[in-house]
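Before any comments, here is the structure.
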Amino acid sequence: MKVRTRFAPSPTGVLHLGSVRTALFSWLYARRFDGEFVLRIEDTDRERSTEENVRAIVDGLDWLGLDADAGPFFQTDRFDRYKEVLTAWLDTGKAYHCYCTKEEIDELREQQLASGEKVRYDGRCRDRARPREGVDPVVRFRNPDAGEVVVNDAVRGRVVFDNAQLDDLIIARSNGTPTYNFTVVVDDSDMKITHVIRGDDHLNNTPRQMNMLEALGVDNPVYAHLPMILGPDGAKLSKRHGAVDIRDYRDQGYLPEAMLNYLVRLGWSHGDKELFTTDQMIELFDINDVNQSASAFNPDKLRWINQQHIIRASTERLGEQLVRFLKRSGIPITSGPSPADVAEVFRERAETIQQMADNSRYCFVDFDAIDPKAAKKHLRPVVLEPLKAVRTALAETPDWEKKEIETVIKKIAAEFDINIGKLGQPIRVAVTGGAVSPPIDATVWVIGRSRVIDRLDAAIQIIAARAAASNS
RNA sequence: GCUCCCUUCGUCUAGCGGUUAGGACUCCGCCCUCUCACGGCGGCAACAGGGGUUCGAGUCCCCUAGGGAGUACCA
């Protein structure tokens, strides 16, 4: 049988890390076993579902490359089908109308709480003969009274629930709209889902859903309940832990494959392997290797993973990414070096593309002033002559290549009998405005000849002025 | 309250009855080195507690504690 998994978010919120991990595992499983991945939007709660959230979900999945083979299907488009099942169940007694008021249910609940019983609906409307005046009824599913439901969960193992603990849950509201546990069952069945991979907050819903599947007369899918993702402090993941919306990570300069790599390692591992390409993940992933305990989100490790993926990304792609962030920061790219060259030079020292854009700013625009501390330390009168020599040599060197630039600098350092560090730092400060940059030959090369010459001239003037001042 | 789930370094994890309990992130040294990174080497750091079972338990069973989920006309 063909594997079919699904991701079924509710558009009552944006796509966050936990849901992405769930989507990822479902997607990986489908890809691994040559199956299909279905996207279904569970929007039966019309009050809280929004168009923007649907957008957030679709955009997020799209960015990550978690492509669906079918859908998105919207549950609100399937109300006729739910109605059909509802009517059939009502006719055959598998479901019934319940006219209980909110007050009655509350009272029942109070009593049960007081006597230490499980809080559950007692089924008092099961055999009600006639409607109650002025009350729009809900529809309840008639759950079996006895026996047990065994969930053979792919990650949890065998979990047993007692039917006596379950109650007759509401499957249609008094306004006629169907509810979650019911629509899931109808959809998973209609869409021929073979593996239900979802958050473990649904483990408790599973026996009820299995009972309804039984009422529908269809087989159960394989269930796999994934542990939760917590915030760095072990508490439930929320806004105060940083970005909630997956798109925020995109905007902060994380690579989608790095995001996936980080997330796949939360609850899953393959020996000691830390870095995975998406293809490797597909090749190696199995739901049986997923562990059972919740894990905490660790931003430090995410950054490290992202850096490792940046180091391994193709120059072209890195260049394209860099352009996006440069533009967003308002840095003009037309008059500077090729972004791909810049990315190549900066790739080993950026944890995010945003950092890369920030750090390579001086390649595209002139800095306002040299960092005073760096100037004080490195632009001293002793380097005036060497710097002039460098300026002259760089202005004349025939080919603007890293190798040649390195040779020039080394040669001049030797001529003045100073070591390369004593000359490299002043050049660095002069051309970047700061004390930190990639290797000096690559830095000079990528900034480009005319900017380098101008900046060296400026630095030379500063030093000359300083020398004059200290001599007088 | 009741039902269900979870518990190895600070964090992510390996382990599937016999290991000096391994790796990764973080942190700290050292090396590489023109700065910063990358990389390399080394260090700190864990089996929640208690009972069993067993010649032998991180691994199996039970209890306790702690954490989480559900108990909605939310999903």
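Below, read A as the first sequence line, B as the second, and so on, with proteins coming before strands; counting in each chain starts at 1.
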Separation between the C1' atoms of B/A45 and B/G23, rounded to whole Å
14 Å
Pairwise C1' distance, B/U19 and B/U11 [rounded to whole Å]:
24 Å
Contact class for A/Ile440 (heavy atom, under 4.0 Å): base, sugar-phosphate, or nothing?
base
Once you apply a heavy-atom cut-off of 4.0 Å, does A/Val429 come out as touching a base, just sugar-phosphate, or nothing?
nothing
Applying a 3.5 Å limit to both distances, which nucleotide forms a Watson-Crick or G-U wobble pair with B/C34?
none
For A/Ser293, answer base if it contacts any base atom (sugar-phosphate contacts may also be present), sugar-phosphate if it contacts only those atoms, and nothing otherwise; contact means non-hydrogen atoms under 4.0 Å.
sugar-phosphate
Which value, rounded to the nearest 0.5 Å, describes the distance between A/Gln252 atom CD and A/Phe325 atom CZ?
9.0 Å
Donor-acceptor pair, A/Arg449 side chain versus A/Leu394 backbone, under 3.5 Å?
yes
The answer to which of A/Lys273 and A/Arg156 contacts RNA chain B further toward the 5' end, by nearest nucleotide, is A/Arg156
Taking OP1 and OP2 of B/C6, is either one under 4.0 Å from a side-chain nitrogen or oxygen of A/Gln292?
yes
Tell me which of A/Gly424 and A/Asn175 sits closer to the 5' end of RNA chain B, going by the nucleotide each one is nearest to.
A/Gly424
Could you grab the distance from atom CZ of A/Phe141 to atom CG of A/Leu86, nearest 0.5 Å is fine?
11.5 Å
Interatomic distance, A/Leu64 atom CG to A/Leu255 atom CG [nearest 0.5 angstrom]
11.0 Å
Taking B/C47 as the reference, what is the distance to B/A21 when you measure between their C1' atoms (whole Å, please)?
8 Å
Contact class for A/Ala435 (heavy atom, under 4.0 Å): base, sugar-phosphate, or nothing?
base
Would you say a side-chain N or O of A/Thr177 is under 4.0 Å from OP1 or OP2 of B/C73?
no
Separation between the P atoms of B/C5 and B/C41, rounded to whole Å:
43 Å
Which part of the nucleic acid, if any, lies within contact of A/Gln308, taking any heavy atom under 4.0 Å across all strands shown: a base, the sugar-phosphate backbone alone, or nothing?
sugar-phosphate
Complementary nucleotide of B/C60, counting Watson-Crick and G-U pairs under 3.5 Å
B/G52
If you go through the side-chain atoms of A/Gln112, does one of them form a donor-acceptor pair with the base of B/G1 closer than 3.5 Å?
no
Is the phosphate of B/U13, meaning OP1 or OP2, less than 4.0 Å from a side-chain N or O of A/Asn291?
yes
For the C1' atoms, the ones on B/A75 and on B/G39, what distance do you get once it is rounded to whole angstrom?
48 Å
State, yes or no, whether a side-chain contact exists between A/Trp304 and A/Leu275 at a heavy-atom distance under 4.5 Å.
yes
Pick the P atom in B/C27 and in B/U33, then give their distance to the nearest Å.
24 Å
Presence of A/Ser115 side-chain N/O under 4.0 Å of B/G1 phosphate oxygens OP1/OP2:
no
Using the C1' atom as the reference point in each nucleotide, state the distance between B/C16 and B/G58 in Å, no decimals.
11 Å
For nucleotides B/C38 and B/U59, find the distance between their C1' atoms and express it as a whole number of Å.
39 Å
What does A/Gln307 touch in the nucleic acid at a heavy-atom separation under 4.0 angstrom: a base, only the sugar-phosphate, or nothing?
sugar-phosphate
Is it the case that A/Arg78 places NZ or CZ above or below the six-membered ring of A/Phe74, under 6.0 angstrom from the centre and within 45 degrees of the axis?
no
B/A14 phosphate, OP1 or OP2: any side-chain N/O from A/Ser269 under 4.0 angstrom?
yes
